[in-house]
Amino acid sequence: MAIRYNLWLDPDNVAQHRAVEADLERYFMERFADYPHIRLFGADPYDYDAPFNRLYDVLIARANDYCQRQWCYVPSPVQLNQAFFRAVGRSPKFLRDPRDGDPHRSDS
């Protein structure tokens, strides 16, 4: 298997990696605006047909293509995943169930 991720090929180019990661986060935030509110997980977080899980797969693939076209940069799966979930955390488009297992969240 050939190494193809820019992060692995040129780990010292921190400025480029951070710029791409910030752009990926913006990219995800913009895509989320195209969707109605999305309930996170629900009863079964491992239901791969749940709207959130389908959205994840589609947007990760699109972001990978975008990054290669826009930046001539191949992001690693970790970079894509982290940018996606940072954007989810900032976006008002995602709704959480009242009892989603987060011990830091109050039920009030």
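For the single chain, residues carry numbers from 1 onward in sequence order. All figures in this text were calculated on a predicted structure; none of them were measured in a lab.
Rounded to the nearest 0.5 angstrom, Y73 OH and D10 CG are separated by 8.5 Å. Between H17 atom NE2 and E21 atom CD the span is 8.0 Å, to the nearest 0.5 Å. Distance CG/L24 to CG/L59: 11.5 Å, rounded to 0.5 Å. Of the inter-residue distances, the one linking L7 atom CG with L9 atom CG reads 9.0 Å to the nearest 0.5 angstrom.
W71 and A19 make their closest contact through CH2-CB, 3.8 Å (heavy atoms, listed as atom of the first residue, atom of the second, distance). Here the closest non-hydrogen pair linking C67 and V20 is SG-CG1, 3.3 Å.
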Enumerate donor-acceptor pairs with a distance under 3.5 Å from any side-chain N or O in residues 87-95 to protein atoms, sequence neighbours excluded.
from : atom 1 : to  : atom 2 : distance (Å)
R90  : NH1    : E25 : OE2    : 2.7
S91  : OG     : K93 : N      : 3.1
K93  : NZ     : Y35 : O      : 2.8

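Under the 4.5 Å side-chain heavy-atom criterion for Ile, Leu, Val, Met, Phe, Trp and Tyr, L80 and W8 are members of the same hydrophobic cluster.
Using cut-offs of 30° and 60° on the angle between ring planes, the pair F28 and F32 is parallel.
Residues satisfying the side-chain hydrogen bond (donor to acceptor under 3.5 Å, both in side chains) criterion with Q70, sequence neighbours excluded, are absent altogether. Applying the side chain to side chain contact (heavy atoms under 4.5 Å, CB included) rule to V78 yields the partners S76, Q82; only residues at least two apart in sequence or on another chain are considered.
A salt bridge does not link D65 to R62: none of the charged side-chain nitrogens sits closer than 4.0 Å to a carboxylate oxygen.
P75 places a side-chain heavy atom less than 4.5 Å from the side chain of N64. Side-chain contact between Y66 and R31 is absent, with no heavy atoms from C-beta onward closer than 4.5 Å. Side-chain atoms of N81 and F85, non-hydrogen and from C-beta on, do get closer than 4.5 Å to each other.
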